[in-house]
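To find a chain, count down the sequence lines: A is the first, B the second, and so on, and within it residues start at 1.
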Amino acid sequence: MKQDAKLAKNYDPKAFEERIYAAWEKSGAFHAVIDRAKKPFAIVMPPPNITGQLHMGHALDQTLQDVLTRWRRMQGRCALWLPGTDHASIATEMKVAEEILATEGKSKHELGRAEFLKRAWEWKRVYGGKITEQMRKLGNSCDWERERFTMDEGCNRAVREYFVRLYEKGLIYRGNRLINWCPRCGTSLSDAEVEHEDRKGTYWYFRYPGADGGEGIVVATSRPETMFADVAIAVHPDDARYGALVGTQVLIPLTDRRIPIIADAYPDPEKGTGAVKITPAHDPNDFEVGERHGLDMPSCIDENAAMTGLAEKYMGMDRFACRKAWVAELAEAGFLVKTEEKVIPIGECYRCGAVIEPLLSDQWFVRMEELARPAILAAKEGRLTHVPERFEKIYLHWLAEVRDWCISRQLWWGHRIPAWHCDACGGIAVASETPRACPDCGATELRQDEDVLDTWFSSALWPFSTLGWPENTEELAYFYPTDVLVTGYDIIFFWVVRMVFSGLEIMGDVPFERVYVHGLVRDAEGRKMSKSLGNGIDPLEIIERYGADALRFTLISGVSAGGDMRFQTEKLEGARNFANKLWNASRFVLMNLPAADGEDGATAGDSASATGTRPDGDSATPAGTPAGGEDGALADEDLWMLRRTAEAAAEITRNMENFELSVAAQKIYELTWSDYCDWYIELVKERLYGGDEAEKARALSVLTRVLRDILKLLHPFMPFITEEIWGFLPPEGGAPAQAGTRDETSPESLLIRAAWPETAPPDGPDPATERIEKAKEVIRSIRNLRAEAAAAPSKLLNAVIVASPENLEALRREEGHLKKLAGLAAIEYASDKSGLPEETASAVTGAAEIFIPLDELIDYKAEFERLHKENARVADDVARISAKLANPGFTGKAPAKVVNAERERLAACEEMAAKLAARIAVVEKKLS
RNA sequence: GGGGGCAUAGCUCAGUUGGUUAGAGCGCAUGGAUCACAACCAUGAGGUCACAGGUUCGAAUCCUGUUGUCCCCACCA
């Protein structure tokens with residue numbers, strides 16, 4: 001696909017992002033081909049729910065992963081980023097049911113299970129497709145040939161196999177236990193799916209009269225409607241108040257049901273009245289007490305949150321309506337002793353927000369203790385690490401406290417539990433394939449369990465089910481364990497923890513070595529983006545307006561590990577402007593390169609990257625010491641720029657290794673904008689326009705080389721623009737070529753060809769670099785002086801530079817730069833000030849003193865102020881450093897390197913102070 | 001009830017093992033249509049690093065406490 005030879009004047013991401021993505025995908029470069037000679041790098045994508053569309057949180061999550069994947073791929077690793085989507089059992093089921101109700105006016109039960117599932121699969125087709133399209137717009141370099149869905153055939157096999165294995169080990173069991181029930185969703189939930197919220201509530205204190213006519217006992221409760229299922233009153237055995245009552249019986253008020261007063265360690269004498277009503281079927285603590293004492297466990301609330309027959313006349317009434325009526329009735333009858341307003345933590349369904357009702361129910365559970373142990377160990381032994389580290393504490397704490405995991409759900413959309421009930425003998429057969437007959441009695445009439453599994457049961461297998469487990473695939477052997485899991489802190493408990501223990505159990509190894517945890521994307525005011533607030537921002541709209549690269553750069557720049565970020569349009573504009581800057585710098589380079597139809601562009605596209613190693617293993621050319629015999633011919637600014645690039649590349653690599661992606665992005669930004677655009681391009685223009693063709697070619701060679709390195713370093717963050725520009729540059733290390741040909745599917749594309757710049761910058765000082773730094777300093781101070789004196793930028797000035805012989809020599813070599821960038825007509829060099837006219841403006845830098853006869857523009861007042869300010873600062877420094885050096889503690893204990901640096905600094909400051917003092921005296925005289 | 005994060009320029013945030021003058025972007029001020037870019041360039045102003053102690057030759061950085069703020073966990077007597 002050949003494109004126009006020229007870059008458009010303005011950066012317009014819409015002109016190329018889609019085209020480039022299509023070409024990338026077509027090239028097959030996202031597909032990780034197993035290569036034993038390469039080190040693998042694998043990330044499995046946290047699969048977005050198919051409930052809707054991608055939001056900003058996904059965009060952040062996926063950009064982080066894409067940056068890491070592209071970077072590692074450029075480093076020559078066999079990089080796999082495995083994409084997919086999640087069936088999200090309960091969430092999707094609710095959405096689909098809602099839709100059916102809205103469009104057809106039918107409930108899911110009216111539709112029936114089979115028909116409902118058909119609709120759900122259709123939903124998956126539509127929304128799953130939308131989501132993967134969005135991922136492409138973001139620029140995700142994921143391996144689409146390995147795309148998976150948590151409910152596809154392979155995942156289903158993995159789920160069945162895993163279930164059976166745990167069952168056979170006794171780690172999955174079926175039991176009649178107290179579970180969290182959501183009456184609105186009509187299903188059980190795991191502990192993790194219950195959210196706790198503090199709500200205002202009431203403690204009602206009721207008297208339970210003695211069965212023998214005695215006073216009885218007063219207990220507090222926030223849920224009077226559960227009284228119908230009370231089976232005992234418990235008091236602490238050491239509670240002197242109630243010692244005599246233990247063993248006696250009381251009546252549930254207004255009923256004739258007698259319940260015993262028992263002694264148990266559970267009641268806290270400090271809380272309430274110290275006596276607790278025990279309702280095993282509706283409270284987890286009470287359930288335990290009930291088990292300890294062998295109590296009955298009747299239920300008075302059913303799965304619809306309505307009262308059962310146990311509540312007698314309230315039967316069928318909603319639990320909260322019953323509460324109200326019952327309290328009124330008890331109060332009327334004189335059993336209500338007092339009430340107390342209190343803040344009570346209430347459990348709510350994380351999906352629908354309904355108040356959770358603890359119910360006694362037949363469900364499937366995973367026994368957690370044995371599974372949690374190795375997961376705890378893996379973190380403690382460092383086989384699993386968290387970035388940032390503090391999340392390890394959270395992870396460990398949860399695992400230490402975890403209770404058995406209720407995995408069955410009374411839903412339709414999900415993995416059906418691989419268990420079959422035999423009505424003949426009442427037995428249960430658990431098998432990965434449908435059994436023909438009951439293994440216990442041989443009956444052939446088997447009924448598969450109606451329930452499906454918690455959605456997280458299948459997500460827990462994601463890192464290995466996607467690689468082919470339970471088959472022994474090559475992928476599994478090569479990529480497992482994966483390198484890093486990138487995810488938000490909000491699903492550590494739901495997901496990360498469960499992947500870890502599942503991986504350890506099944507694969508005998510952690511599913512990933514690192515967990516990189518990020519936070520939430522908030523709106524500009526710092527609020528959580530939510531549907532109810534309507535403050536969500538659609539990533540697609542942002543891409544439409546600013547381009548995917550700007551979005552990605554914004555997300556990466558704003559995020560530090562584990563922290564939330566605010567999403568602001570100013571940041572987007574900044575990122576977009578940065579892209580435009582790079583675009584125009586590239587345009588500048590390209591327009592100076594020999595044209596595409598030119599006969600000889602050899603010197604422009606000559607050497608390989610300054611610092612790279614290509615994937616085919618070619619050796620790198622260290623920056624600062626370029627290949628060929630042109631070393632001596634490179635100008636100071638070339639050497640300076642190459643060195644800066646190599647230094648930046650080394651730092652950026654280190655930042656990437658430490659997951660400091662925002663710092664890395666910041667450094668590329670600086671390298672590109674400050675060093676390359678603001679200084680290097682300006683410095684190099686003299687040679688480009690100077691008429692010396694050899695100089696021009698050399699300058700272009702370095703311009704191109706550094707631009708390539710910038711494109712490479714930036715590519716993980718802004719893949720589209722870097723690829724687009726890359727395509728216009730002459731092929732790297734290839735035959736002599738010209739600007740203006742491009743084809744991103746070719747093997748020369750950045751994605752396929754470019755290697756991450758790796759070579760360390762040279763050690764030690766470099767005279768050329770130092771000369772440029774001195775020149776920059778002088779240029780800056782002259783510009784400052786000029787601005788202060790309000791001298792027209794176009795007006796050329798004459799300057800006298802006074803400095804040490806060494807610095808004079810250095811600055812003399814940069815004369816062209818000084819003249820051009822500071823707007824000077826002529827420069828005179830002097831080693832002392834004698835003989836200088838006094839009618840002059842001046843500036844003082846570390847390297848030199850500059851005097852500029854500005855004629856009528858001299859503003860001694862401004863200069864006086866500036867010099868004074870400068871002087872005050874230097875004097876401060878002198879005082880502080882002198883004090884430091886006079887302190888024997890410092891000179892004795894600080895490292896010699898630090899002490900020497902301070903000595904040198906002091907000398908420099910003192911010299912500066914002397915220069916300033918002299919000049920101030922002159923200016924003062926002028927003013928008076 | 002338990003645990004954790006954060007507090008740095010007007011705003012949003014960096015500041016990697018303690019060591020030059022604490023940085024960036026935006027915003028602000030001044031000047032500028034210069035032939036890569038006004039989505040730009042140049043120059044500048046702006047911070048007692050929440051507060052109080054402590055460790056250290058040296059603290060934005062480590063420790064303790066205080067205040068403010070956000071979050072997570074927790075079986076609703």
Requested in this report: Would you indicate what A:N784 reaches in the nucleic acid, counting non-hydrogen atoms under 4.0 angstrom: base, sugar-phosphate, or nothing?
Outcome: sugar-phosphate
Report task. Could you walk me through whether A:Y489 and A:H518 pass ring pair (Phe, Tyr, Trp, His ring centres under 6.0 Å), step by step? Result -> CA-CA 6 Å; A:Y489 53 66; A:H518 64 254; 8.1 Å; no
Requested in this report: Using a heavy-atom cut-off of under 4.0 Å over every strand shown, decide if A:Y676 touches base, sugar-phosphate, or nothing.
Outcome: nothing
Query raised in the report: Think A:Y395 has a side-chain N or O under 4.0 angstrom from the OP1 or OP2 of B:G3?
Result: no
Query raised in the report: Are the charged groups of A:K667 and A:E670 less than 4.0 angstrom apart, N to O?
Result: no
Requested in this report: Could you walk me through whether A:F717 and A:Y669 pass the ring pair (Phe, Tyr, Trp, His ring centres under 6.0 Å) test, one step at a time?
Outcome: CA-CA 11 Å; A:F717 303 89; A:Y669 182 97; over 10 Å; no
Query raised in the report: Would you say A:K685 reaches B:U34's phosphate, i.e. side-chain N/O to OP1/OP2 under 4.0 Å?
Result: no
Give the table of side-chain donor-acceptor pairs shorter than 3.5 Å for residues 658-666 of chain A, with sequence neighbours excluded, one pair per line with atom names and distance.
residue: A:N658; atom: ND2; partner: A:R654; partner atom: O; Å: 3.4
residue: A:E660; atom: OE1; partner: A:N655; partner atom: ND2; Å: 2.7
residue: A:S662; atom: OG; partner: A:V559; partner atom: O; Å: 3.2

Requested in this report: Would you kindly give the CZ-to-P distance between A:R587 and B:C40, to the nearest whole Å?
Outcome: 14 Å
**Report entry** Which residue lies more 5' along RNA chain B, comparing A:M565 with A:Q666 via nearest heavy atoms
**Finding:** A:M565
Requested in this report: Assign A:Y205 to base, sugar-phosphate, or nothing according to its heavy-atom contacts below 4.0 angstrom with the strands shown.
Outcome: nothing
**Report entry** Distance between P atoms of B:A52 and B:A60 (Å, rounded)
**Finding:** 13 Å
Query raised in the report: Would one find a side-chain N or O of A:R576 under 4.0 angstrom from OP1 or OP2 of B:A39?
Result: no
Query raised in the report: Thinking salt bridges, do A:D12 and A:K14 make one under a 4.0 Å N-O criterion?
Result: no
Query raised in the report: Base, sugar-phosphate alone, or nothing: which one does A:K9 contact when heavy atoms must sit under 4.0 Å apart?
Result: sugar-phosphate
**Report entry** salt_bridge(A:R177, A:D404) N-O dist < 4.0 Å
**Finding:** no
Requested in this report: Using the C1' atom as the reference point in each nucleotide, state the distance between B:A29 and B:G10 in Å, no decimals.
Outcome: 14 Å
Report task. Name the nucleic acid region contacted by A:K393, choosing base, sugar-phosphate or nothing; use a 4.0 angstrom heavy-atom cut-off, strictly under. Result -> sugar-phosphate
Query raised in the report: Using atom P of each nucleotide, how far apart are B:A74 and B:G58 to the nearest Å?
Result: 46 Å
Query - Distance, C1' atom - from B:C6 to B:A50, rounded to whole angstrom - result: 11 Å
Report task. Look at all strands and tell whether A:I346 reaches a base, only sugar-phosphate, or nothing, counting heavy atoms closer than 4.0 Å. Result -> base
Query - N/O (side chain, A:N10) to phosphate O (OP1/OP2, B:A36) under 4.0 Å - result: no
Query raised in the report: Taking atom P in both B:A24 and B:U66, what distance in whole Å separates the two?
Result: 36 Å
Requested in this report: Report yes if a side-chain nitrogen or oxygen of A:H397 is closer than 4.0 Å to either non-bridging phosphate oxygen (OP1 or OP2) of B:G4; otherwise report no.
Outcome: no
Report task. Rounded to the nearest angstrom, tell me the gap between atom CH2 in A:W583 and atom P in B:A39. Result -> 17 Å
Requested in this report: Look at the aromatic rings of A:Y689 and A:F588 and report parallel, tilted or perpendicular, splitting at 30° and 60°.
Outcome: perpendicular
Report task. Verify whether one side chain among A:Y11 and A:N577 offers a donor that lies under 3.5 Å from an acceptor in the other. Result -> no
Query raised in the report: So what does the secondary structure string of RNA chain B come out as, 5' to 3', with Watson-Crick or wobble pairs under 3.5 angstrom, [ ] for crossing and | for pairs with another strand?
Result: (((((((..((((.....[...)))).(((((.......))))).....(((((..]....))))))))))))....
Query raised in the report: Looking for any heavy atom pair under 4.0 Å, which part of the strands does A:R905 touch: base, sugar-phosphate only, or nothing?
Result: base
Report task. Give A:M591 one of three labels, base, sugar-phosphate or nothing, depending on what nucleic acid heavy atoms sit under 4.0 Å from its own. Result -> sugar-phosphate
Query raised in the report: Contact class for A:P267 (heavy atom, under 4.0 Å): base, sugar-phosphate, or nothing?
Result: base
Query raised in the report: Within the modelled atom types, does a donor on one side and an acceptor on the other bring the side chain of A:R783 and the base of B:A42 under 3.5 Å apart?
Result: no
Query raised in the report: Roughly, in whole Å, what's the span from CG in A:D191 to C1' in B:A74?
Result: 11 Å
Report task. Classify the nucleic acid contact of A:F578 as base, sugar-phosphate or nothing, counting any heavy atom under 4.0 Å across all strands shown. Result -> nothing
Requested in this report: Scan side-chain atoms only and decide if A:E340 and A:Y205 contain a donor-acceptor pair under the 3.5 Å cut-off.
Outcome: yes
Query raised in the report: OP1, OP2 of B:A42 versus side-chain N and O of A:W679: anything below 4.0 Å?
Result: no
Query raised in the report: If you look at every strand shown and take non-hydrogen atoms under 4.0 Å, does A:V276 touch a base, only sugar-phosphate, or nothing?
Result: base
**Report entry** Residues A:R880, A:E902: salt bridge by 4.0 Å N-O rule
**Finding:** no
Query raised in the report: With a 4.0 Å cut-off on heavy atoms, is A:R880 in touch with a base, just the backbone sugar-phosphate, or nothing at all?
Result: sugar-phosphate
Report task. Could you check whether A:R390 gets within reach of a base, just the sugar-phosphate, or nothing at all, counting any heavy atom under 4.0 Å? Result -> sugar-phosphate
Report task. Rounded to whole angstrom, note down the P distance from B:U64 over to B:C73. Result -> 25 Å
Query raised in the report: Using the C1' atom in both, what is the distance from B:U8 to B:A59, to the nearest Å?
Result: 14 Å
Requested in this report: Using the P atom on both, measure B:U61 against B:U43 and round to a whole Å.
Outcome: 33 Å
Report task. Indicate, yes or no, whether a donor-acceptor pair under 3.5 Å links the base of B:A36 to the side chain of A:E682. Result -> yes
Query raised in the report: NA contact type, A:K277, heavy-atom cut-off 4.0 Å: base, sugar-phosphate, or nothing?
Result: nothing
